[in-house]
Amino acid sequence: MTRLITQGRDQRQDAARFCTHCGVVTDDAPQRVCESCGLGVVLHCARDAAPRPGASFLIVTTDLRVTGASAACGEMFGETFELVGSPLVDVLHGDGALPRQVARAAMGSRKVATVWVRTAQHGRPFRGRIVACGDPPAALIVLS
Amino acid sequence: MSGIRTNAAAELLGVSPNTLRSWERRFGYPTPGRSPGGHRQYELAELEALRRALLETHNISSAIQVAQQRGEGPGSANRLLEAFDRFDDDCADRFMEESLALRSIERSVEELLLPAIELAEERDGREAECEFACRWATGWLHAARRVAPPASREEGVLLFDASTKLGSEMLHVQALELALRRAGYRVLLLSVALAQERVSRAMRALDPSILVLCGSGATLDSVGRLVYSVRQTGSQAPLREYRGSMPVSGMHKVPSLGDSPTEALRRLRDLREQPSRSIGARAPLRAS
Ligand SMILES: [Zn+2]
């Protein structure tokens, strides 16, 4: 069994690696599991769309189900709200194009989309940046 | 099959040993066994399942869930618990068989059977499932005892069982009896509540080198009567307690034989190897 690592930096010059839990970017560490928090896996996304440490973001697969949520989402959605495993429609409300934009990113589109979304818990809208990430392929929605 | 130590397991998963231990505390997985020296020992199958799941998921808790479902191999007490909940003894037998293909009877009992019984016992409103589990486990341990090799050691171990009801403590005692028999000791398991006359006959028949009080439920009175009866026979065999069965502590503390069958076997071996306190040398009873 070989050591569990993600692809090296040299293979993805334009990509950043971030932790799905704490959001820390771990470019120099090839590990699959975040060395900072030990609670997130390390995924790639376009460097200019990478979340910042402590950011609120969701990982959503092509079937529009949330498969990851950063620690900071607790504040936005409520600590007890079960994000992982929920359908996206139960978590974020946006305009009619949201599902298509998320699915497209989850399928690996290089386009970065910006949308306005609301959560069930907050009345005010958040800006969401949707970008492809992986592996496995998914959409990253960074909320701010 | 020997387990994988923490550092090597952490290395295989590309995490620090601290992260691995924190997952165990937080998620209860991976679930290492313990070496005789008390070190964590991880199973390759569990690590492999987790490793694959980490590559297929987007967070640790999902990876652990996937690994548990998929990698729930012979090592999982939860899987045995599910068989109890279905009242399915064939399935429970099969899980034990699968476990025996990978590890010893002792480890299968300590890492699978007994934890599954404890899980069954912890739940409210599942008394029927728990009783089924305890009866099945009793039958399984008896069957294993029947095929244990004949005694190959001179030392006899007399176990006094203070358990009063069918449950995990009673099964811990039966598991100890099985392990001792399999290790070649001559073993007799008797109830603490035995009449004095029957203890004398048992003492004559076994001529034990050590007496072990086990099972919860002993009272100071019953232990006192027992020790008196044993003394009356002239035996100087030392007394040990198992899994905190002694109702007193402090000045009257009786040395422990540990909490698990493998620990008990190790302590018996240590006792044998210390000439002054040898169980063969018949050191005097410490509790009187
Ligand atoms: Zn992290």
Side-chain angles (χ1 to χ4, degrees), chain A residues 1-8 17-23 26 29-45 51 57-74 82-86 88 105-106 132-141, chain B residues 1-33 40-75 102:
Chain A
M1 194 152 74
T2 54
R3 194 177 167 89
L4 192 61
I5 58 171
T6 56
Q7 282 180 284
R17 282 197 288 263
F18 67 97
C19 165
T20 58
H21 184 78
C22 67
T26 53
Q31 275 78 6
R32 174 63 172 179
V33 176
C34 173
E35 288 189 317
S36 293
C37 67
L39 291 171
V41 298
V42 177
L43 302 184
H44 301 95
C45 71
F57 58 85
L58 300 171
I59 313 289
V60 182
T61 46
T62 50
D63 61 353
L64 300 179
R65 203 164 276 278
V66 178
T67 55
S70 66
C73 284
E82 273 301 328
L83 284 169
V84 172
S86 300
L88 180 66
C133 71
D135 290 319
L140 164 67
I141 308 175
Chain B
M1 195 178 87
S2 65
I4 295 169
R5 294 281 282 267
T6 306
N7 283 352
E11 170 82 10
L12 291 172
L13 293 171
V15 299
S16 69
N18 277 342
T19 296
L20 199 52
R21 286 188 287 262
S22 77
W23 290 351
E24 185 188 334
R25 282 193 302 276
R26 190 178 177 123
F27 304 110
Y29 193 90
T31 44
R40 286 177 171 78
Q41 292 201 310
Y42 294 86
E43 294 206 5
L44 186 60
E46 255 185 20
L47 296 176
E48 185 53 64
L50 183 53
R51 181 179 175 277
R52 274 193 298 138
L54 283 168
L55 290 170
E56 294 166 15
T57 54
H58 293 129
N59 69 79
I60 305 297
S61 63
S62 300
I64 283 174
Q65 240 173 28
V66 168
Q68 278 178 316
Q69 283 159 10
R70 182 194 290 155
E72 273 204 357
L102 292 177

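A, B, ... follow the sequence lines: proteins, then strands. Residue 1 opens every chain. Predicted model, so just to flag it, every value in this text is computed and none were measured.
Nearest heavy atoms, B:A8 versus B:I4: CB-CG2, 3.6 Å. Of all the heavy atoms in B:N59 and A:G68, the pair that sits closest is ND2-CA, 3.9 Å.
Heavy atoms closer than 4.5 Å to chain A are found nowhere in B:S61, neither backbone nor side chain. With a 4.5 Å cut-off on non-hydrogen atoms, B:S62 touches chain A through its side chain but not through its backbone. Heavy atoms of A:I59 lying under 4.5 Å from chain B belong exclusively to its side chain.
Residue A:L43 holds its CG atom at 8.0 Å from CZ of A:F57, rounded to the nearest 0.5 Å.
The most heavy-atom pairs under 4.5 Å with chain B, out of A:G38, A:C19, A:P136, come from A:P136.
Under a 4.0 Å N-O distance rule, the pair B:E48/B:R51 qualifies as a salt bridge.
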